[in-house]
Trainee: 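There's a structure below that I have some questions on.
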Amino acid sequence: MTHELLTWDVYDIGHVDESLIGISLRGRLRKHAVREGLNLLVDNATHAENCVRFAVLADESIAAQQGFVEQAVPGATIERRLQGVVNPVLSKLSIVTNEAKY
């Protein structure tokens, strides 16, 4: 039995001046998503320092996550890295799909 796979859009959170590591941003963002009933994957990125990566279901708004991040870490930036990825591994820069390796 096969099912249609979920696809995810992947985003990076960064900050030029403040550390995102050691402030529990990953856990706080995950708990926020659970409270708000949002589908979210989150991890510390290993490809760059001071980067937290999250994914939402493809084409879903990230307004709730943006608002939370802006409140938790003023000045943080959120950048979409990939769209429509099946089963992403967030901590790695290399995200392997059937079509390509990013």
Trainee: Indicate every side-chain donor-acceptor pair of residues 19-26 with a distance under 3.5 Å to a residue at least two apart or in another chain.
Mentor:
from, atom 1, to, atom 2, distance (Å)
S19, OG, I21, N, 3.2
S19, OG, I21, O, 3.0
R26, NH1, D43, OD1, 3.1

Trainee: Mind listing the closest non-hydrogen atom pair of H15 and A76 along with its distance?
Mentor: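 Here H15 and A76 meet closest at CD2-N, 3.3 Å.
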Trainee: Taking only residues two or more places apart in sequence, or in another chain, which ones meet H32 in a ring pair (Phe, Tyr, Trp, His ring centres under 6.0 Å)?
Mentor: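 By the ring pair (Phe, Tyr, Trp, His ring centres under 6.0 Å) rule, H32 matches F68.
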Trainee: Considering residues at least two apart in sequence or located in another chain, which fulfil the side chain to side chain contact (heavy atoms under 4.5 Å, CB included) criterion with T77?
Mentor: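 By the side chain to side chain contact (heavy atoms under 4.5 Å, CB included) rule, T77 matches no residue at all.
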Trainee: Please identify each residue that fulfils side chain to side chain contact (heavy atoms under 4.5 Å, CB included) with A33, with sequence neighbours left out.
Mentor: L38, L40
Trainee: How far apart are the closest heavy atoms of A63 and S61, and which atoms are they?
Mentor: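 Distance-wise, the nearest heavy atoms are N-OG, 3.1 Å.
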Trainee: When rounded to the nearest 0.5 angstrom, what distance separates CD in E49 from CG in N44?
Mentor: 12.0 Å
Trainee: Should V52 and V69 count as side-chain neighbours, where that means a heavy-atom distance under 4.5 Å?
Mentor: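 They are not in contact (no side-chain heavy atoms under 4.5 Å apart), so the answer is no.
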Trainee: Does anything in residues 9-19 pair up under salt bridge (Lys or Arg N to Asp or Glu O under 4.0 Å), and if so which pairs, sequence neighbours excluded?
Mentor: D12-R53, D12-R81
Trainee: Taking side chain to side chain donor-acceptor pair (under 3.5 Å) as the definition, give me every residue that meets it alongside R30, ordered by chain and number, with sequence neighbours left out.
Mentor: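 Expected list: none.
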Trainee: Using the test side chain to side chain contact (heavy atoms under 4.5 Å, CB included), find all partners of E60 that sit at least two apart in sequence or belong to another chain.
Mentor: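 Here the qualifying residues are N39, V56, L57.
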Trainee: For T7, enumerate each residue passing the side chain to side chain contact (heavy atoms under 4.5 Å, CB included) test, keeping only those at least two apart in sequence or located in another chain.
Mentor: A58, V86
